[in-house]
Enquirer: 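Attaching a single structure in structure tokens format; questions to follow.
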Amino acid sequence: MTPQRASWAEPYKIKMVEPLFLTTRETRARAIEEAGYNTFLLRSADVYIDLLTDSGTSAMSDRQWAGLMMGDEAYAGSRSYYHLEEVVRRRYGYRHLIPTHQGRGAENLISQVLIKPGDVIPGNMYFTTTKVHQELAGGTFADIVVDEAHDPRSLFRFKGNVDLAKLEALIAEHGAARIPYVSLATTVNMAGGQPISLENLRAVRALTRAHGIRIIHDMTRVAENAYMIQLHEPGHAHRSVAEIVFEICSLTDGATMSAKKDALVNIGGFLATNEDDVFEEARNLVVIYEGLHTYGGLAGRDMEAMAIGIEESLDDDHIRARVGQVFYLGDKLVEAGIPVVRPIGTHGVFLDAKAFLPHLPQDAFPAQALAAELYLDSGLRAMERGIVSAGRDSRTGEHCYPALELVRLTIPRRVYTQAHMDVVAESVQRVYERRASIRGLEMTYEPKYLRFFQARFRPRPG
Ligand code: F0G
């Protein structure tokens, strides 16, 4: 590790730029109406600062771009596959690798391989795509995250922790044989990008080992989680992020990865496992859904860029600047008195829409309405993470009413500057000042799966 400086700066300089264009309020009003008040349905040409997601939106390095040129496009046995396999083994410690087109491809494979109808899959809060694949395989997700994770005001440092008593109760109720694995995410996206501590993970490992239950690790943002451990968990300040990441992975049996986040690529993911028979089964399935097991839906160049991106993602200077930028925006909003999820998470700042718009009931979709209003104000694109994302209860058909009703300002890696963050903070403050005028929405179209992506809305009658 490098010595601490008083202030961090990005450990890179900018070699290529992509112009951004301001739009008028009239254009934005038309665009958001045409998009059914859903920021997923906006055209990016109509967006000024795009904080929809950190997924696939990172800037690649000169080395990654050079790697694209070196990609081996062989259908079978690509050199780039073996490069990626070597990096996954050395950096994460998982023995077997199956590339997939992105994270949900891996979620589909692991769910089909391990879940039988009637199984229960405990997890440290749900993630949208992860849960859907568990349900499609006949399983039921059970939330075992600590209660603090559901409280945007709790300052608990490790809101991604598993509540061991909840896990034990679940095992007692259903029996270990009905629990194929614990689905464990580093960090927890839906809680606001919150980390799990190493101490807690070690305890989860001990408990699951005693019952013969696997841990499948959603390692989408594992480097960011490791950085939070380095920063806040006693006894780890002297360790590198790379070392902590390796230990986290060693406490689990396999992993799904959306490489579009931590690993700094625009597309890609993988399934990793230490179990020979799980690998064998997943390798049979991948050819049906993704492609041959040595490319899994990716071009050789994508695997090459991913292998290089994984190495870059574990650099302490990189991760300090990446998360530091998120903290910069978060701290600015906290100072301005805006209700946000605290502590600030690692991949974005999450506005607490219930506290922002206390006059709106949850079925007026406050977070969806707030995201639309931010776009209208400045062309800033954010994402709803509340009742729309939570979907419906698969048994009763009713809306799920999550405790957290959030708008996520997600920061792509290595893309925007501090000045962009200032513009974002100013826009949020303007909207906060006129929050009482925000009316809420009603849904006019609802897709069956993952409705938040394509649902449409209109303003509630005033
Ligand atoms: N797990 C987590 C924790 C994620 O955040 C995501 C994606 C996935 C799995 C699925 O991966 O998109 O590559 O198929 N999150 C994106 C987001 C979509 O915006 O948070 P994917």
Side-chain angles (χ1 to χ4, degrees), residues 56 60-61 63-110 112-114 186 214-223 226 241-243 245-315:
M60 291 206 294
S61 66
R63 283 159 203 236
Q64 286 178 291
W65 281 102
L68 291 186
M69 301 303 294
M70 302 292 287
D72 176 3
E73 305 304 340
Y75 187 94
S78 161
R79 198 170 54 235
S80 301
Y81 168 80
Y82 289 107
H83 181 196
L84 181 61
E85 181 191 54
E86 185 275 319
V87 170
V88 166
R89 284 183 175 159
R90 179 164 45 79
R91 294 306 216 151
Y92 299 140
Y94 295 119
R95 286 175 51 215
H96 300 300
L97 168 75
I98 296 177
T100 56
H101 75 284
Q102 59 184 82
R104 69 198 73 178
E107 290 170 348
N108 175 36
L109 295 178
I110 199 68
Q112 289 208 37
V113 171
L114 294 180
T186 55
R214 297 176 188 83
I215 300 177
I216 298 296
H217 176 201
D218 180 344
M219 62 181 302
T220 295
R221 297 181 184 84
V222 67
V241 162
E243 254 179 86
V245 163
F246 195 87
E247 183 179 348
I248 292 173
C249 295
S250 76
L251 293 165
T252 69
D253 302 291
T256 56
M257 172 63 144
S258 170
K260 303 170 71 172
K261 284 81 164 175
D262 247 16
L264 297 161
V265 286
N266 302 121
I267 193 72
F270 60 76
L271 173 65
T273 174
N274 292 331
E275 294 175 89
D276 296 342
D277 48 347
V278 171
F279 176 57
E280 169 76 24
E281 185 66 21
R283 204 169 52 162
N284 280 323
L285 279 181
V286 72
V287 294
I288 305 172
Y289 294 104
E290 306 276 326
L292 192 69
H293 62 281
T294 57
Y295 76 85
L298 296 173
R301 55 180 168 269
D302 297 328
M303 294 189 283
E304 198 60 40
M306 196 196 304
I308 299 166
I310 288 171
E311 306 261 24
E312 292 180 2
S313 77
L314 300 175
D315 176 70

Enquirer: Rounded to the nearest 0.5 Å, what separates atom CD in Glu107 from atom CG in Leu271?
Expert: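 Nearest 0.5 Å value for the CD-CG distance: 10.5 Å.
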Enquirer: Check whether any side-chain heavy atom of Met60 lies under 4.5 Å from a side-chain heavy atom of Asn266, and answer yes or no.
Expert: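 They are in contact (side-chain heavy atoms under 4.5 Å apart), so the answer is yes.
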Enquirer: Quick one: closest heavy-atom pair of His217 and Val222, and the distance?
Expert: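 Of all heavy-atom pairs spanning His217 and Val222, the closest is CE1-CG2, 3.7 Å.
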Enquirer: If you take all heavy atoms of Ala74 and Ser78, which pair is closest and at what distance?
Expert: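 Here Ala74 and Ser78 meet closest at O-CB, 3.8 Å.
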Enquirer: Rounded at 0.5 Å granularity, tell me how far CD1 in Ile98 sits from CG in Leu109.
Expert: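 Between atom CD1 of Ile98 and atom CG of Leu109 there are 6.5 Å.
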Enquirer: Looking at Ala76 and Leu292, what are the two nearest heavy atoms and their distance?
Expert: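 Closest approach of Ala76 to Leu292: CB-CD2, 3.6 Å.
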Enquirer: Looking only at non-hydrogen atoms, find the nearest pair between Arg91 and Val245 and report the distance.
Expert: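 In terms of heavy atoms, the two residues are closest at O-CG1, 4.3 Å.
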Enquirer: Decide yes or no for Glu275 and Arg214: does some side-chain heavy atom of the first lie under 4.5 Å from some side-chain heavy atom of the second?
Expert: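 Yes, side chains in contact.
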Enquirer: Has the side chain of Tyr81 got a donor or acceptor atom that lies under 3.5 Å from a matching backbone atom of Asp72?
Expert: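 No.
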Enquirer: A side-chain contact here means heavy atoms from C-beta on lying under 4.5 Å apart; do Val88 and Ile310 qualify?
Expert: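 Val88 vs Ile310: side chains touch.
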Enquirer: Considering non-hydrogen atoms only, spot the tightest contact between Asp262 and Ser313 and give its length.
Expert: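 For Asp262 versus Ser313, the nearest heavy atoms are O-CB, 3.0 Å.
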Enquirer: Do Asn284 side-chain atoms and Glu280 backbone N/O form a donor-acceptor pair below 3.5 Å?
Expert: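 The answer is yes, because a donor-acceptor pair under 3.5 Å joins these two groups.
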Enquirer: Measure the acute angle between the ring planes of Phe270 and Tyr92, then classify it against the limits of 30° and 60° as parallel, tilted or perpendicular.
Expert: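 Aromatic pair Phe270/Tyr92 classed tilted.
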Enquirer: At what distance, to the nearest 0.5 angstrom, does CD1 of Ile216 lie from CD1 of Ile110?
Expert: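 Going from the CD1 atom of Ile216 to the CD1 atom of Ile110 covers 4.5 Å.
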Enquirer: Any donor and acceptor pair, going by atom type alone, linking the side chain of Gln102 with main-chain N or O of Gly269 inside 3.5 Å?
Expert: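 No; zero donor-acceptor contacts below 3.5 Å.
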Enquirer: Picking from Asp276, Thr273, Asn274, what satisfies side-chain hydrogen bond (donor to acceptor under 3.5 Å, both in side chains) with Arg95?
Expert: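 Looking at Asp276, Thr273, Asn274, the match for Arg95 under the side-chain hydrogen bond (donor to acceptor under 3.5 Å, both in side chains) is Asp276.
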Enquirer: Side chains of Leu114 and Val278: closer than 4.5 Å at any heavy-atom pair?
Expert: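 SC-SC contact between Leu114 and Val278 confirmed.
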Enquirer: Taking the ring centre of each residue, are Tyr75 and Tyr295 less than 6.0 Å apart?
Expert: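 Here the rings of Tyr295 and Tyr75 have centres that are less than 6.0 Å from each other.
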Enquirer: Roughly how far apart are Leu97 CG and Glu86 CD, rounded to 0.5 Å?
Expert: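 Leu97 atom CG to Glu86 atom CD measures 11.5 Å (nearest 0.5 Å).
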Enquirer: Look up atom CD1 in Ile308 and atom CE in Met303, then write down how far apart they are to the nearest 0.5 Å.
Expert: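 Between atom CD1 of Ile308 and atom CE of Met303 there are 12.5 Å.
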Enquirer: Using a 4.5 Å cut-off on heavy atoms from C-beta on, say whether the side chain of Tyr82 contacts that of Glu85.
Expert: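 Yes, close enough: below the 4.5 Å cut-off.
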Enquirer: Please step through side chain to side chain contact (heavy atoms under 4.5 Å, CB included) for the pair Thr186 and Arg221, ending with a clear verdict.
Expert: CA-CA 6 Å; Thr186 55; Arg221 297 181 184 84; over 6 Å; no
Enquirer: Test your reading of the model: is there a side-chain donor-acceptor pair from Asp302 to the backbone of Gly268, 3.5 Å cut-off?
Expert: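 Pair absent, no side-chain N/O of Asp302 close to backbone of Gly268.
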Enquirer: For the residue pair Cys249 and Met219, what are the closest heavy atoms and their distance?
Expert: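 What the structure gives for the nearest pair is SG-CE, 4.0 Å.
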Enquirer: Near Arg90 CZ, under 6.0 Å, is it more than 12 heavy atoms from other residues, nucleotides or ligands?
Expert: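 Enclosed: over 12 neighbouring heavy atoms sit under 6.0 Å from CZ of Arg90.
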Enquirer: Is the backbone N or O of Leu264 less than 3.5 Å from a side-chain atom of Gln64, with the two atoms forming a donor-acceptor pair by type?
Expert: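 Yes, because the side chain of Gln64 sits within donor-acceptor range (under 3.5 Å) of the backbone of Leu264.
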Enquirer: Is there a donor-acceptor pair closer than 3.5 Å between any side-chain N or O of Ser80 and the backbone N or O of Arg301?
Expert: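 Judged by distance alone, no pair lies under 3.5 Å.
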Enquirer: Please confirm whether the backbone N or O of Gly77 pairs with a side-chain atom of Thr294, one donor and one acceptor, at under 3.5 Å?
Expert: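 Confirmed, Thr294 side chain pairs with Gly77 backbone.
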Enquirer: What residues form a side chain to side chain donor-acceptor pair (under 3.5 Å) with Arg104, not counting sequence neighbours?
Expert: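 Applying side chain to side chain donor-acceptor pair (under 3.5 Å) to Arg104 gives none.
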Enquirer: Measure from the side-chain N and O atoms of Glu290 to the backbone N and O of His101, and report whether any donor-acceptor pair falls under 3.5 Å.
Expert: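 Side chain of Glu290 to backbone of His101: a pair is present.
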Enquirer: Between Arg63 and Glu311, does any NZ, NE, NH1 or NH2 come within less than 4.0 Å of an OD or OE carboxylate oxygen?
Expert: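 Looking at Glu311 and Arg63, the cut-off is not met.
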Enquirer: Do we see a donor-acceptor contact under 3.5 Å between the side chains of Thr252 and Tyr94?
Expert: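 Tyr94 and Thr252 do have a side-chain donor-acceptor pair below 3.5 Å.
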